[in-house]
Amino acid sequence: MTRIKGIRAKALVLAVAGGLGFSAANFGISLTPIAAEYRAALSIPYLPMLLASLVGGLMIGFCVSWFLLRFFDRIPTKNPILKSVLLSFIVLIVVTILIGGPARLLTATGDALRYFLIGAVFNVLRFLALGVVVGYLYGRLHEGVGIPLRCRQRGGLSRKAHPVE
């Protein structure tokens, strides 16, 4: 029971960071002209979209973080950033198949496939940002702050040669 509480607490920290990364990517995307066209075609209001992005990013970030913490050794790569990006893309595929695809393909616009593809590209960028932020923060929290990953893998720096604290 204590292990699960520890995972939840760590996952919450990673989820907040990932949700902020997701939301920041969404904000950056929303400033582009293609995003303005996309919002206008689908009648998506700007401020509620930003709030929904933050809430959705927190939920997705928690799922990615929890699975990263719970199954870290079973995910098939050594780099925590790649592990979390892999997990976030798995969530992206599930969300696209279950929610995004049917919702966009059944819209009343004449160019539904085009807007589905635009939304899919936006989601790839947002989920990539979430995965990178969660993986980077995981690496910083669990593998030594201040020591680059390539140095730790080669054994190039010791704690004595590079004091962190």
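What you see below is based on every heavy atom in this structure, not just the backbone, and it leaves out hydrogens, waters and symmetry mates.
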(request) Give the C-alpha distance, both sets of side-chain angles, the deciding distance and a yes or no for side chain to side chain contact (heavy atoms under 4.5 Å, CB included) between Leu20 and Val133. (result) CA-CA 9 Å; Leu20 291 174; Val133 169; over 6 Å; no

(request) Quick one: closest heavy-atom pair of Ala11 and Ser65, and the distance? (result) O-CB, 3.6 Å

(message) Using a 3.5 Å distance criterion without hydrogens, assess whether the side chain of Lys83 forms a donor-acceptor pair with backbone atoms of Thr77.
(response) yes

(message) Taking CZ in Phe89 as the centre, count heavy atoms belonging to other residues, nucleotides or ligands within less than 6.0 Å. Is the count above 12?
(response) yes

(request) Check Ser88 against Val64 and note the closest heavy-atom contact, atom names and distance. (result) CA-CG2, 3.8 Å

(request) Would you mind listing every side-chain hydrogen bond (donor to acceptor under 3.5 Å, both in side chains) that reaches into residues 16-28, with sequence neighbours excluded? (result) Asn26-Ser53, Asn26-Arg126

(message) Using the rule given for side chain to side chain contact (heavy atoms under 4.5 Å, CB included), can you reason through Phe67 versus Arg74, listing the C-alpha separation, both sets of side-chain angles and the distance that settles it, and then say yes or no?
(response) CA-CA 10 Å; Phe67 279 102; Arg74 295 181 185 169; over 6 Å; no

(message) Thr96 and side-chain contact (heavy atoms from CB on, under 4.5 Å): which single residue from Leu92, Ile93, Leu98 fits?
(response) Leu92

(message) Would a single hydrophobic cluster contain both Phe72 and Val13, if residues Ile, Leu, Val, Met, Phe, Trp and Tyr are joined by side-chain heavy-atom contacts under 4.5 Å?
(response) yes

(request) Any chance you could lay out the side chain to side chain contact (heavy atoms under 4.5 Å, CB included) test for Asn123 and Val95, step after step, and finish with the verdict? (result) CA-CA 10 Å; Asn123 280 336; Val95 167; 5.6 Å; no

(request) Identify whether Leu125 and Ile34 are in the same connected component of the hydrophobic contact network (ILVMFWY, side-chain heavy atoms under 4.5 Å). (result) yes

(message) Tell me whether the count of non-hydrogen atoms from other residues, nucleotides or ligands lying under 6.0 Å of CZ in Phe71 goes above 12.
(response) yes

(request) List the atom of Arg8, the atom of Phe62, and the distance in Å for their closest heavy-atom pair. (result) O-CE1, 4.0 Å

(request) May I ask you to test the Leu47-Leu51 pair for a side-chain heavy-atom distance under 4.5 Å? (result) no

(request) Would you kindly say whether Tyr138 and Ser84 are connected by a side-chain donor-acceptor distance under 3.5 Å? (result) no

(request) Would you check if Leu87 and Ile75 make a side-chain contact, meaning some heavy-atom pair closer than 4.5 Å? (result) yes

(message) Please report the interatomic distance CG(Leu54) to CE(Met59), rounded to the nearest 0.5 Å.
(response) 10.5 Å

(request) Give the cluster check for Val91 versus Val55: same hydrophobic cluster or not, with ILVMFWY residues linked at side-chain heavy-atom distances below 4.5 Å. (result) no

(request) For residues Val134 and Val85, determine if any side-chain heavy atom of one lies less than 4.5 Å from a side-chain heavy atom of the other. (result) no

(request) Compare every heavy atom of Gly139 with every heavy atom of Pro80, then report the nearest pair and how far apart it is. (result) CG-CA, 4.0 Å

(request) Mind listing the closest non-hydrogen atom pair of Leu137 and Ala17 along with its distance? (result) CD2-CB, 3.5 Å

(message) Could you check, using the six-membered ring where one of them is a Trp, whether Phe127 and Phe22 have ring centers closer than 6.0 angstrom?
(response) yes

(message) Give me the atom names and distance for the closest heavy-atom approach of Leu69 to Ile7.
(response) CD1-O, 3.6 Å

(request) Check the pair Phe122 / Tyr38 against ring pair (Phe, Tyr, Trp, His ring centres under 6.0 Å), numbers first and verdict last. (result) CA-CA 10 Å; Phe122 290 165; Tyr38 179 79; 5.6 Å; yes

(request) Kindly work out whether a path of hydrophobic side-chain contacts (I/L/V/M/F/W/Y, heavy atoms less than 4.5 Å apart) joins Ile29 to Tyr115. (result) yes

(message) For residues Leu141 and Ile81: do they belong to one hydrophobic cluster (side chain heavy atoms under 4.5 Å, members Ile, Leu, Val, Met, Phe, Trp, Tyr)?
(response) yes

